[in-house]
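To start, the structure itself, in structure tokens.
What you see is a predicted model, and the numbers here were worked out from it, not measured in a lab.
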Amino acid sequence: MANVVQSLDQPSNYKDSQTRIERQKQHELLSKSTTLYIGNLSFYTTEEQIYELFTKCASPEDGGGIKRIIMGLDRHTRTPCGFCFVEYYTHAEALASMKYVSGTKLDERIIRCDLDLGYKEGRQFGRGKSGGQVRDEHRQDYDPGRGGWGAQAQRLEIERRREVEERYADAQDGPGAVAGGGGDWKEADGGTIPGSALKRGRSPEDEGDNSRMAHRSRLDDFEAERM
């Protein structure tokens with residue numbers, strides 16, 4: 001009798017695009033695999049958290065347990081980028097994790113587990129152009145657990161801001177730019193003259209006007225005494 005619901009401990013149809021192994025051979029290897037690929041992790045999830053969760057499906061009394069955990073890293077920054085590999089000692093433990101752990105929450109994210117052909121050096125690094133995973137390269141949604149916006153969206157935003165800054169700089173230096181305030185009130189030595197207005201220096205004409213006004217004032221006083 002056919003199963004109505006697909007078994008939770010069966011591997012997915014995912015195929016590593018960089019493997020050169022035929023599909024039939026892959027099925028044979030997966031039927032004995034003790035390695036799991038864990039995806040959709042938060043960038044902030046630690047190796048200790050992963051160990052605590054996946055050790056629940058380990059069977060140390062039967063000679064099993066977690067052999068090692070390999071954290072996925074950004075190729076450029078060497079920081080976690082949302083995936084890892086978990087190696088058990090037995091195939092049964094890997095199947096138990098697929099059945100009971102895959103689809104559960106870790107750091108408020110629903111993680112997924114899949115049987116893997118086996119870890120090889122170099123697979124711990126992301127394959128995206130920006131150094132992380134390919135899935136984060138073109139992502140258009142904002143995901144704080146995976147670095148915010150997708151890498152491509154972040155590059156476009158950086159370019160947009162750079163263009164705005166360049167246009168602003170051109171407007172400040174180009175024809176018709178508004179001169180900066182305060183320049184006319186600077187002294188030659190760079191200091192500012194106190195007061196709200198700059199006083200004009202006295203000229204010889206000013207001195208002459210003052211002398212005439214003083215002479216007329218004395219004449220008026222003399223006329224007043226005579227009267």
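- Judged by distance alone, the side chain of Ser102 and the main-chain N or O of Cys113 form a donor-acceptor pair under 3.5 Å.
- Distance alone, capped at 3.5 Å, is enough to place a donor-acceptor pair between the Thr104 side chain and the Val101 backbone.
- Here the closest non-hydrogen pair linking Leu73 and Arg78 is CD2-O, 4.0 Å.
- At least one side-chain heavy atom of Glu137 sits less than 4.5 Å from a side-chain heavy atom of Ser130.
- Hydrophobic clustering (ILVMFWY, side-chain heavy atoms < 4.5 Å, transitive): Leu95 and Ile66 are in one cluster.
- For Tyr142, the ring-ring contact (aromatic ring centres under 6.0 Å, His included) test picks out Trp149, with sequence neighbours left out.
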Item checked: Stepwise side-chain contact (heavy atoms from CB on, under 4.5 Å) test for Ile21 and Leu29 -> CA-CA 10 Å; Ile21 303 175; Leu29 293 174; 3.9 Å; yes
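- In terms of heavy-atom proximity, Glu108 sits nearest to Lys105 at OE1-NZ, 3.9 Å.
- No side-chain heavy atom of Leu117 sits under 4.5 Å from any side-chain heavy atom of Ser33.
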Check: Does the salt bridge (Lys or Arg N to Asp or Glu O under 4.0 Å) test come out yes or no for Arg135 and Asp143, once each step is laid out?
Finding: CA-CA 12 Å; Arg135 60 165 292 193; Asp143 191 338; 5.1 Å; no
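- The side-chain heavy atoms of Leu106 and Thr45, taken from C-beta on, include a pair separated by under 4.5 Å.
- Within 6.0 Å of CD in Glu61 there are more than 12 heavy atoms belonging to other residues, nucleotides or ligands.
- The closest side-chain heavy-atom distance from Leu115 to Leu36 is below 4.5 Å.
- Distance check, rounded to the nearest 0.5 Å: CD1 of Ile70 to CZ of Arg123 gives 9.5 Å.
- Between the side chain of Gln49 and the backbone N or O of Thr46 there is at least one donor-acceptor pair closer than 3.5 Å.
- The two atoms that bring Gly65 and Ala58 nearest to each other are CA-CB, 3.7 Å, heavy atoms only.
- Among residues two or more places apart in sequence or in another chain, the salt bridge (charged side-chain N to carboxylate O under 4.0 Å, His left out) test is passed with Asp107 by none.
- When atom types are taken as modelled, the side chain of Arg112 and the backbone of Met98 share no donor-acceptor pair closer than 3.5 angstrom.
- In this structure, CG in Asp74 is found 12.0 Å from CD in Gln124, a value given to the nearest 0.5 Å.
- Between Thr34 and His91, the shortest heavy-atom distance links the atoms CG2-N, 3.5 Å.
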What donor-acceptor contacts under 3.5 angstrom involve side-chain atoms of residues 79-90, with partners at least two apart or in another chain?
from, atom 1, to, atom 2, distance (Å)
Thr79, OG1, Thr77, OG1, 2.7
Glu87, OE1, Arg68, NE, 3.0
Glu87, OE2, Arg68, NE, 3.3
Glu87, OE2, Arg68, NH2, 3.1
Tyr88, OH, Phe54, O, 2.6
Tyr88, OH, Ser97, OG, 2.5
Thr90, OG1, Glu93, N, 3.3
Thr90, OG1, Glu93, OE1, 2.9

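- When side chains are defined from C-beta on, Leu53 counts as touching Ile111, because their heavy atoms get closer than 4.5 Å.
- A continuous path of Ile, Leu, Val, Met, Phe, Trp and Tyr side chains, each step under 4.5 Å between heavy atoms, connects Tyr51 with Met71, placing both in one hydrophobic cluster.
- Atom CG of Asp114 is separated from atom CD1 of Ile38 by 9.0 Å, given to the nearest 0.5 angstrom.
- Here Arg109 contributes atom CZ and Asn40 contributes atom CG; the two are 4.5 Å apart, rounded to the nearest 0.5 Å.
- Atom CD of residue Gln26 and atom CZ of residue Arg23 lie 5.5 Å apart, to the nearest 0.5 angstrom.
- Heavy-atom contacts from other residues, nucleotides or ligands closer than 6.0 Å to CD of Glu28 number more than 12.
- Rounding to the nearest 0.5 Å places CG of Leu30 at 11.5 Å from NZ of Lys25.
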